[in-house]
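None of these values were measured; they are calculated from a predicted model. Index from 1, following the sequence. Only heavy atoms go into these numbers, but all of them, side chains included; no hydrogens, no water, no symmetry mates.
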Amino acid sequence: MQVIETLAEGLKREIKVVIPAKDMEDKMNERLADVKDKVRINGFRPGKVPAAHLKKVYGKSIMADLVNEIVREQPAAILSSRGEKSATQPEIAMTEDKDEADKILAAQQDFEFTLSYEVLPPIELKSVKGLKVTREVIDISDDEVNEQVLKVAESARSYETKTGKAANGDRITMDYVGKVDGEAFEGGTDQGAELVIGSGRFIPGFEDQLVGVKAGEEKTITVTFPADYPAKNLAGKEATFDITVKDVAAPGAVEINDELASKLGIESADRLKEIVRGQIESQYGSLTRQKLKRQILDQLDEMYKFETPASLVDAEYNGIWSQVNNDLAQSGKTFEDEDTTEEKARDEYKALAERRVRLGLVLSEIGEKAGVEVSEDEMQRAIYDQLRQYPGQEKQILEFFRSQPGAAASIRAPIFEEKVIDHLLTEIDVTDKKVTKEELLAEEEGEAKAETKKAAPKKKAAAKAEAAEAGEGEEAAPKKKAAPKKKAADESAE
């Protein structure tokens, strides 16, 4: 087998592989000898089939198998022998001419194919001893914990049916049918819907018109959907809702006690407070972690400058750009609305994609040299977390992970990255700084606003390597869906 390098420009490589026809024929004859005693052909006793006849019957199929094996196995072996790692799966090209293909299968012509790929650039790791980061820490007050516990208690409060008129804070149970121009619209009908007046769960003007209704009453109210409503067919439209009130219930007293905790499946009120405190600590800890990671990545970005594989950058960019356009479509905005142009946005996201790829390669090299590994237990927990997000689809998701090697890699990559960050935190200078809740959140909000003005409405898709977009508190406010309900109000409360 001849391996000839035909292109070496930057990270691009092209390799021509030639396997002489004689070598292919020898391999075919070896296979034919192996099957000679196993095949059954009419007119011949087992093991007595002439080699020429075997070749005539099975030669082409065996040669086809050999070709498939070579193109499947040899690229990895060739790269290994050259000491190279391909950025993506090498592209394989071979003749598409039928006559030439027939000659190859008949061992009358050399088998040739080319490999085209980009190599991963060599990375010479630098010392991180000079890196310095500030870890912002926050003390959680009892007042904040009690405030959150009170919200939990309010969401779990009981209601008792009343005979009078509905007032602010009462819970209404109702059936409704929404109409635009006299026609019911999709998603605008519900039965047995519950709504606490004044909760702000429904679109503006809806809840106010329920004040004063009684059980058994039928009422038609008129509202106007906001101009920025996600459902384009309803945005800015006037709609009517035919409402039948089934029940009016007054709220019970909110008490934080063991009885409330028991209702929530918790042993005591003290334990409830511990859980809430832990959740708050986790939320603030996540913000602190994101800031730490951003500082590390920004410094690594300054330390490492090298050519990145265009194929990886293009794939990263395409993913980001697709998400950006989805966000624009959902928000109904344009690049001009975000004080930029499509050309500028493309340039910025291309640079971001390049940064993400470069930092990903650096983190990968650091992790490999440090012996960072993702355990099977960590993988199983991550996959289980995925399953929890899609109840009822567990079987399909598990099958997806089993059948798609890249799916498991997409789960492993962020775990590996976070473990590399953990490793770096043991190597660099970390200084703790006490901050207030307002200081922590105010900075995050400021950064979120700055990001919004940069190029496009959101950069969630660009979150992987740029820590500033790893979840910096810029989650959109709950959206309103087609129907008076706000899309995620209840989930946000939970």
Indicate every side-chain donor-acceptor pair of residues 359-375 with a distance under 3.5 Å to a residue at least two apart or in another chain.
unit_1: E365; atom_1: OE2; unit_2: K369; atom_2: NZ; d: 2.4
unit_1: S375; atom_1: OG; unit_2: E378; atom_2: N; d: 3.1
unit_1: S375; atom_1: OG; unit_2: E378; atom_2: OE1; d: 3.3

Sidechain-backbone polar pair: [X] side chain, [Y] backbone, donor-acceptor under 3.5 Å:
X    : Y    : value
T288 : E136 : yes
D301 : L297 : no
E307 : G10  : no
S403 : E399 : yes
E302 : D298 : no
S86  : Q89  : no
D170 : A167 : yes
Q299 : Q295 : yes
K291 : R294 : no

Counting neighbours of [atom1] on [X] that are heavy atoms of other residues, nucleotides or ligands and sit closer than 6.0 Å, is the number greater than 12?
X    : atom1 : value
E343 : CD    : no
Q191 : CD    : no
K305 : NZ    : yes
K162 : NZ    : yes
E160 : CD    : no
D181 : CG    : no
E73  : CD    : yes

Picking from V248, V211, D247, I243, what satisfies side-chain contact (heavy atoms from CB on, under 4.5 Å) with I172?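 Among the candidates, only V248 passes.
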
Please report the closest heavy-atom contact between [X] and [Y], naming both atoms and the distance.
X    : Y    : answer
V324 : Y349 : CG2-CZ, 3.6 Å
R201 : E194 : NH1-O, 3.0 Å
T340 : A345 : OG1-N, 4.2 Å
V196 : S199 : O-OG, 2.8 Å

Taking distance alone, no hydrogens or angles, what donor-acceptor pairs closer than 3.5 Å link side-chain atoms of residues 379-398 to residues at least two apart or in another chain?
unit_1: E394; atom_1: OE1; unit_2: G392; atom_2: N; d: 2.9
unit_1: E394; atom_1: OE2; unit_2: G392; atom_2: N; d: 3.3

Only distances under 3.5 Å count here; give the side-chain donor-acceptor pairs of residues 140-147 to other protein atoms, sequence neighbours excluded, each with its distance to 0.1 Å.
unit_1: S141; atom_1: OG; unit_2: E144; atom_2: N; d: 3.2
unit_1: D142; atom_1: OD1; unit_2: R277; atom_2: NH2; d: 2.7
unit_1: E144; atom_1: OE2; unit_2: Y284; atom_2: OH; d: 2.4
unit_1: N146; atom_1: ND2; unit_2: D142; atom_2: O; d: 3.2

If you measure from OG1 on T134 to CG on D432, what distance do you get to the nearest 0.5 Å?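 Reported value, rounded in 0.5 Å steps: 9.0 Å.
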
Any chance you could measure L195, atom CG, to Y176, atom OH, to the nearest 0.5 Å?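 L195 CG to Y176 OH: 9.0 Å, rounded to 0.5 Å.
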
No-hydrogen, no-angle side-chain donor-acceptor test under 3.5 Å, D337 and T334: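 There is such a pair between these side chains.
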
How about D242 and T220: does a side-chain donor come under 3.5 Å of a side-chain acceptor?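 Result is yes, a qualifying pair exists.
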
Under the side-chain contact (heavy atoms from CB on, under 4.5 Å) criterion, do D190 and D175 qualify, and how do the steps go? CA-CA 6 Å; D190 201 357; D175 300 340; over 6 Å; no

[X] bridged to [Y] by N-O distance under 4.0 Å:
X    : Y    : answer
K219 : E217 : no
E348 : K344 : no
R289 : D422 : yes

Which donor-acceptor pairs under 3.5 Å do the side chains of residues 251-268 make with protein atoms, sequence neighbours left out?
unit_1: N257; atom_1: OD1; unit_2: E259; atom_2: N; d: 3.2
unit_1: N257; atom_1: OD1; unit_2: L260; atom_2: N; d: 2.9
unit_1: D258; atom_1: OD1; unit_2: A269; atom_2: N; d: 2.9
unit_1: S268; atom_1: OG; unit_2: R271; atom_2: N; d: 3.1

For K12, all residues meeting side chain to side chain contact (heavy atoms under 4.5 Å, CB included), sequence neighbours excluded: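 Result, side chain to side chain contact (heavy atoms under 4.5 Å, CB included) vs K12: L7, E118.
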
Positive for salt bridge (charged side-chain N to carboxylate O under 4.0 Å, His left out) with E316, one of R356, R355, R358: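 For E316, the salt bridge (charged side-chain N to carboxylate O under 4.0 Å, His left out) check succeeds only for R356.
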
Could you give all pairs that pass the salt bridge (charged side-chain N to carboxylate O under 4.0 Å, His left out) test and reach residues 205-216, with sequence neighbours left out?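 Counting only pairs at least two positions apart or across chains, no salt bridge (charged side-chain N to carboxylate O under 4.0 Å, His left out) contact touches residues 205-216.
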
Between K350 and Y317, is NZ or CZ placed under 6.0 angstrom from the six-membered ring centre and within 45° of the ring axis?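 Ring-cation test returns yes.
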
Name the orientation class of the two ring planes belonging to F225 and F241 (parallel below 30°, tilted from 30 to 60°, perpendicular beyond 60°).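 Answer is tilted, since the angle falls between 30° and 60°.
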
